[in-house]
Amino acid sequence: MLRSMNPLAKLAGLPRAKPAQPALPARMTAHNLTRQTVLSDKLEVAGSGATRRKGLLGRAGLEPGGGLWIVPCESVHTFFMRFPIDLVYLDRNNRVRKVQHAVGPWRLSACFTAHSVLELPAGAARESRTERGDVVEMQEMATRDSD
């Protein structure tokens with residue numbers, strides 16, 4: 001059996017180096033650049049394994065303007081959820097690959113060409129007129145300076 005570990009690192013007891021990934025901010029905004037509309041102005045980011053697994057489970061709902069960006073993600077489930085959500089699947093260039101409206105509890109949804117998904121309050125995708133092919137931009141939320 002072949003191993004892809006550097007033999008010197010093994011002798012020295014060093015762990016394998018993982019490629020560094022830039023950390024995502026905890027809160028962002030999501031804008032549909034194609035339609036010039038806002039998808040979420042209070043977007044939370046689920047970029048770690050634990051936050052991706054938890055998703056929106058345990059919440060009573062999403063407030064208007066809220067949302068969760070799960071990165072990476074190509075499929076979601078709504079098992080044990082208590083409210084419907086809109087799903088906007090994005091590729092690596094943040095181009096919309098698929099939109100699912102008002103996905104209720106106990107459902108599965110997938111888009112195998114997606115790299116991430118926006119989970120939004122039911123109706124947010126329709127209100128922003130978001131469609132397949134649109135480009136979405138995420139920006140870090142500006143922080144207020146206290147004067």
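- The hydrophobic cluster containing Leu39 also contains Val45, counting ILVMFWY residues as joined when their side-chain heavy atoms lie under 4.5 angstrom apart, directly or transitively.
- Here the OG1 atom belonging to Thr130 is positioned 8.5 Å from the NE2 atom belonging to His101, to the nearest 0.5 angstrom.
- Within a 6.0 Å radius of CZ in Arg126, no more than 12 heavy atoms belonging to other residues, nucleotides or ligands are found.
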Expected list for residues 112-120: side-chain donor-acceptor pairs under 3.5 angstrom, two or more places apart:
unit_1, atom_1, unit_2, atom_2, d
Thr113, OG1, Arg97, NE, 3.1
His115, NE2, Arg92, NH1, 3.3
Ser116, OG, Trp69, NE1, 2.9

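- Across every non-hydrogen atom of Tyr89 and Ala110, the tightest pair is OH-N, 3.4 Å.
- Here the side chains of Glu137 and Val135 are not in contact, with every heavy-atom distance at 4.5 Å or above.
- The heavy-atom pair separating Leu87 from Ile85 by the smallest distance is CD2-CD1, 3.6 Å.
- Between Gly67 and Ser40, the shortest heavy-atom distance links the atoms N-OG, 3.8 Å.
- Between the side chain of Thr78 and the main chain of Gly104, a donor-acceptor pair closer than 3.5 Å is present.
- Using a 4.5 Å heavy-atom threshold, the side chains of Val99 and Asp86 count as separate.
- Legend: salt bridge (charged side-chain N to carboxylate O under 4.0 Å, His left out) pairs involving residues 47-58, not counting sequence neighbours: none detected.
- Considering NE2 of His77 and CG of Leu108, their distance stands at 8.0 Å, rounded to 0.5 Å.
- The minimum heavy-atom distance between Asp134 and Arg129, with the atom names listed, is OD2-O, 3.7 Å.
- Annotation: side chain of Thr29 is not in contact with side chain of Leu43 (no heavy-atom distance under 4.5 Å).
- One hydrophobic cluster holds both Val103 and Phe83 under the rule that ILVMFWY side chains link at heavy-atom gaps under 4.5 Å.
- Contact detail for Glu63 and Lys42: the closest heavy-atom pair is OE2-NZ, 3.1 Å.
- At least one donor-acceptor pair under 3.5 Å links the side chain of Arg95 to the backbone N or O of Gly133.
- Cluster membership for Val76 and Val88, using ILVMFWY side-chain heavy atoms within less than 4.5 angstrom, is not shared.
- Contact record, Phe79 with Leu57: O-CD2, 3.1 Å, taken as the closest heavy-atom pair.
- Linking Ile, Leu, Val, Met, Phe, Trp and Tyr residues whenever their side-chain heavy atoms come within less than 4.5 Å places Met28 and Leu90 in a single cluster.
- A continuous path of hydrophobic side-chain contacts links Met138 to Val71 [ILVMFWY only; heavy atoms under 4.5 Å].
- Donor-acceptor pairing under 3.5 Å is lacking for the side chains of Asn32 and Ser128.
- Atom CH2 of Trp106 is separated from atom CE of Met81 by 11.5 Å, given to the nearest 0.5 angstrom.
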